[in-house]
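Every heavy atom of this structure was used, including side-chain atoms; hydrogens, water molecules and symmetry mates were not. Residue numbers begin at 1 in each chain, while the letters A, B, ... track the order of the sequences. Quantities reported herein were computed from a predicted structural model and do not represent experimental measurements.
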Number of protein chains: 2
Amino acid sequence: MITGKFAITTHILTLLAKFPDEYMASDYIAGSLNIHPVLVRKEIANLKKHHLVESKEGKNGGTKLIKPAAMISMEAIFNMTFEKMSFGFSKNDPNPECPVGKQINNNLTALYDDINIAIVNKLKSISLEEFSEQF
Amino acid sequence: MITGKFAITTHILTLLAKFPDEYMASDYIAGSLNIHPVLVRKEIANLKKHHLVESKEGKNGGTKLIKPAAMISMEAIFNMTFEKMSFGFSKNDPNPECPVGKQINNNLTALYDDINIAIVNKLKSISLEEFSEQF
DNA sequence: AAAACTGTAACAAATTTTATTATATATAGA
DNA sequence: TCTATATATAATAAAATTTGTTACAGTTTT
């Protein structure tokens, strides 16, 4: 997982929500984030895949939202930037001869699934519009 | 953050909960996890710092729980292995001249704090005993 | 005293994340 | 039509983080 993915995507969308009528250049966005423009474009590619933004190439080009910020929930951003939230797994496969080793990953997954439900319930209730109005 | 920390610590505690009367050696635990014993000892050092286990050095030594698994909540494990849950921040400091850049990290932090409350509420309700009974 | 442990620090290897470079393509406007 | 300014994306390099290993000192049992 790219650790900054949620934060970067949220930052991009907040900027776009602030200027919904402009095509905003990735260089400008990168300047606000202070990261490389290519990383911004990679996240924009993901946003496009999820039909939240469109881009225009060429001079005066850039990216803008294609749906109102009020219709975009933080849950959508979450789902777009994490496969799924997790507290992680140990890197190696645990010992299948051990009753605990054999099942630990299944049981952790079940726990993480429960936690995802709690997270998503919270995020559902917040729109990008609300989030960006804080700025 | 060590990505496998929660999983490793939970695995260790589950083993200890299964054999509450034995001192269990880090080599044995490492065999179940299939990781290096030194990593196990590092996590055990953390568990000791939080007064959940004690170790005995020397021959026949090892580690065991010092409180009943029913009295240890998954929340305690969570708090011990994460400073705090977060969906991450962009690596570089955002541009302070930009209204969004200036505030994004504060606003993300506030959002993450809300989510932590939801997570912790869920984890509070699950004890290590319940978790380890699944095995 | 020897064997079987824990406790740590220091270092190395592997993996993941982030940054950069390079190249192709599109569009606006002089 | 030419030039400047954009996007798009792949390939590679650099940096950071995580995991693994080694080494060695200390403890306890037999």
Any side-chain N or O of A/Asn60 under 4.0 Å from OP1/OP2 of C/dA26?
-> no

Do B/Phe87 and A/Ile77 touch side chain to side chain, with heavy atoms closer than 4.5 Å?
-> no

[X] [atom1] to [N] [atom2]: how many Å, rounded?
X: A/Phe89; N: D/dT19; atom1: CZ; atom2: P; answer: 13 Å
X: A/Lys49; N: D/dT9; atom1: NZ; atom2: P; answer: 11 Å
X: A/Lys42; N: D/dA11; atom1: NZ; atom2: P; answer: 12 Å
X: A/Glu43; N: C/dA19; atom1: CD; atom2: C1'; answer: 14 Å
X: A/Arg41; N: C/dA24; atom1: CZ; atom2: P; answer: 16 Å
X: B/Lys59; N: D/dT27; atom1: NZ; atom2: C1'; answer: 13 Å

Which of residues 15-40 of chain B have a heavy atom under 4.0 Å from DNA chain D?
-> B/Ile35, B/His36, B/Val38, B/Leu39

Hey, can you tell me if B/Phe82 and B/Phe6 have their rings parallel, tilted or perpendicular (30° and 60° cut-offs)?
-> tilted

Is it true that, when you exclude [X] itself, more than 12 heavy atoms of the residues, nucleotides or ligands shown sit nearer than 6.0 Å to its [atom1]?
X: B/Asp93; atom1: CG; value: no
X: A/Tyr28; atom1: OH; value: no
X: A/Asn121; atom1: CG; value: yes

Closest to the 5' end of DNA chain C, once A/Lys91 and B/Gly58 are matched to their nearest nucleotides, is B/Gly58

Base, sugar-phosphate, or nothing: which does A/Lys56 touch, judged by heavy atoms less than 4.0 Å apart?
-> sugar-phosphate

For A/Leu123 and B/Leu111, what are the C-alpha separation, side-chain angles and deciding distance, and is it a side chain to side chain contact (heavy atoms under 4.5 Å, CB included)?
-> CA-CA 9 Å; A/Leu123 291 175; B/Leu111 176 68; 4.1 Å; yes

Counting side-chain heavy atoms from C-beta on, which of D/dT27, D/dT29, C/dT15 comes nearest to B/Glu57?
-> D/dT27

